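To keep things clear, I will list the structure first and then write my remarks on it.
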Amino acid sequence: MEKLDLQTFADSKLSFHCNEHIAIFCNFDEVRNHTISDLLVEGFLFAVVTHGHAQVSLEDKTYHLQEGDIITCKPRNIFEKSMMSMDFNALVLFVSPEYMAQLSQMVRMEWTYSMFSSSYRVLHADEMTVKRCRLYFDLLKNHLSSPDTPHKELSLRLFFASMTYDLQDLQKPQDEERLHQTYSSAENILRQFMQHLHDPAQPYLSVREYANLFNITSKYFSSVCKRLTGKTANKLISDEVVRSAQIALRDSSKSIKQIATLMGFKNQSHFGRFFRQQTGVSPQQYRDGKTI
């Protein structure tokens, strides 16, 4: 399985614009003949299809993408069995989890709730929105290539925030109704929770342990998660544990027992019961390619 992160861009010979937090790629002619079976994305990804069509598989679902389609996904997603037409091209923006956390503290967090509440989204934009995305990408590329100035970083963040707000406007009306409410203290709790939950160096905790970490009750913590993401705290934790487990099970170098230990389960049996409850198959069945 290949990984896509900022180091991948730095080590490649591809034409792209980047700094230590962001990478922009806009020329698929350079990768059209490369065959990649599985690609693990280790950051936030935004891709806008500008020409042609493609087929991608995410979490056992296959999507046929065409001009105007936009994919947004959070870290630790796996793109499988990707294919593209000879004239395919897209604008791709990769953002590190650390930079996204910084952005969420600087601007309103409404757009981050939507991203965290689902692993990925496939949206369709009209011609005007695609045109704005092109302008945003041109501005971001220009800023990344320009000399440092006192306000360069601030301008870059504001450009990026503006683009993500435009993407938020493409979400379903019911999402907007929920996401555009104001919960200043709850926002801060959710931000801390998401940063902790998506930090590979931090262990997964129970709802009560996370609530204690933020000095609030479990009931209030769960209500915050439900209001701002549409999912309970327990569901958010379980989804992230399952996703990490699925990624680990694709690595044949580790035994299921080792994975259970790394994931923080008491034993392999406990891990097996949890995984089957969440996915409908055992860890071994998932490793063998069986899904529900």
Side-chain angles (χ1 to χ4, degrees), residues 40-41 44-45 58-61 71-78 97 100-101 104 109-123 168 171-181 183 185-250 259-260 262-266 269-283 285-286 291-292:
L40 174 62
V41 181
F44 289 88
L45 186 73
L58 284 162
E59 296 184 357
D60 301 320
K61 294 182 180 179
I71 293 181
T72 66
C73 69
K74 65 181 182 181
R76 310 292 285 172
N77 268 287
I78 299 176
M100 183 63 79
S104 70
M109 294 173 55
E110 294 153 353
W111 41 270
T112 64
Y113 301 150
S114 178
M115 291 186 63
F116 277 125
S117 65
S118 59
S119 297
Y120 60 90
R121 294 206 177 202
V122 179
L123 312 167
Q168 178 62 57
Q171 308 294 340
K172 296 178 180 179
Q174 57 266 35
D175 287 341
E176 293 182 356
E177 183 179 349
R178 182 182 71 246
L179 299 176
H180 287 129
Q181 300 178 64
Y183 301 104
S185 61
E187 286 177 347
N188 189 49
I189 292 169
L190 183 64
R191 176 183 60 79
Q192 294 179 68
F193 170 52
M194 290 301 183
Q195 286 181 226
H196 197 288
L197 185 63
H198 292 86
D199 185 349
Q202 299 294 337
Y204 294 115
L205 305 177
S206 66
V207 172
R208 184 177 63 179
E209 288 172 324
Y210 279 116
N212 290 340
L213 191 65
F214 309 132
N215 297 314
I216 57 178
T217 66
S218 299
K219 183 177 181 180
Y220 178 64
F221 175 48
S222 291
S223 69
V224 165
C225 293
K226 183 67 175 179
R227 282 187 298 172
L228 298 180
T229 71
K231 294 184 179 182
T232 64
N234 189 60
K235 179 61 174 172
L236 289 170
I237 297 168
S238 297
D239 286 351
E240 197 58 33
V241 172
V242 168
R243 210 152 60 90
S244 294
Q246 289 174 331
I247 293 170
L249 287 168
R250 291 171 181 259
I259 293 172
L262 289 172
M263 297 292 295
F265 287 88
K266 297 177 181 178
S269 296
H270 185 207
F271 171 57
R273 286 195 300 273
F274 169 82
F275 193 85
R276 182 181 287 277
Q277 287 173 352
Q278 298 296 321
T279 67
V281 296
S282 69
Q285 287 175 321
Y286 183 84
T291 58
I292 295 297

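Keep in mind it's a predicted model, so treat the numbers as computed, not measured.
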Could you pull out all residues at least two apart from Phe214 that satisfy ring-ring contact (aromatic ring centres under 6.0 Å, His included)? Phe221

Kindly determine whether Cys225 and Thr232 satisfy side-chain contact (heavy atoms from CB on, under 4.5 Å), including the steps that lead there. CA-CA 6 Å; Cys225 293; Thr232 64; 5.9 Å; no

Test item: Ser282 and Phe275 side chains (from C-beta on) under 4.5 Å apart, heavy atoms: no

When rounded to the nearest 0.5 angstrom, what distance separates CD1 in Ile71 from SG in Cys73? 7.5 Å

Run the side-chain contact (heavy atoms from CB on, under 4.5 Å) check on Tyr210 and Val207 step by step: do they pass? CA-CA 5 Å; Tyr210 279 116; Val207 172; 5.9 Å; no

The reported gap from CG in Leu249 to CD1 in Ile259 (rounded to nearest 0.5 angstrom) is 4.5 Å

Using the test side chain to side chain contact (heavy atoms under 4.5 Å, CB included), find all partners of Asn212 that sit at least two apart in sequence or belong to another chain. Arg208

List for me each residue that meets side-chain hydrogen bond (donor to acceptor under 3.5 Å, both in side chains) alongside Glu209, sequence neighbours excluded, and say none if there are none. Ser206

Could you tell me whether Lys235 and Asp239 make a salt bridge, using a distance below 4.0 angstrom between a side-chain N and a carboxylate O? yes

Could you pull out all residues at least two apart from Ser244 that satisfy side-chain hydrogen bond (donor to acceptor under 3.5 Å, both in side chains)? Tyr204

Under the side-chain hydrogen bond (donor to acceptor under 3.5 Å, both in side chains) rule, collect the residues that match up with Gln202, sequence neighbours excluded. His196

Check: Leu45 and Thr72 side chains under 4.5 Å, non-hydrogen atoms: no

Side-chain touch Tyr220/Ile189, heavy atoms, less than 4.5 angstrom: yes

Listed partners of Phe274 passing ring-ring contact (aromatic ring centres under 6.0 Å, His included), at least two apart: Phe265

Report yes if the side chains of Phe271 and Pro283 come closer than 4.5 Å at any heavy-atom pair, otherwise no. yes

If you define the side chain from C-beta out and look only at heavy atoms, does anything of Met263 sit under 4.5 Å from Val241? yes

Sub-4.5 Å side-chain heavy-atom contact between Gln246 and Thr279: yes

Return the minimal non-hydrogen interatomic distance between Ser222 and Ala233, and the atom names on each side. OG-CB, 3.9 Å

For Gln278 and Val242, work out which heavy atoms get closest and say how close. CB-CG2, 3.4 Å

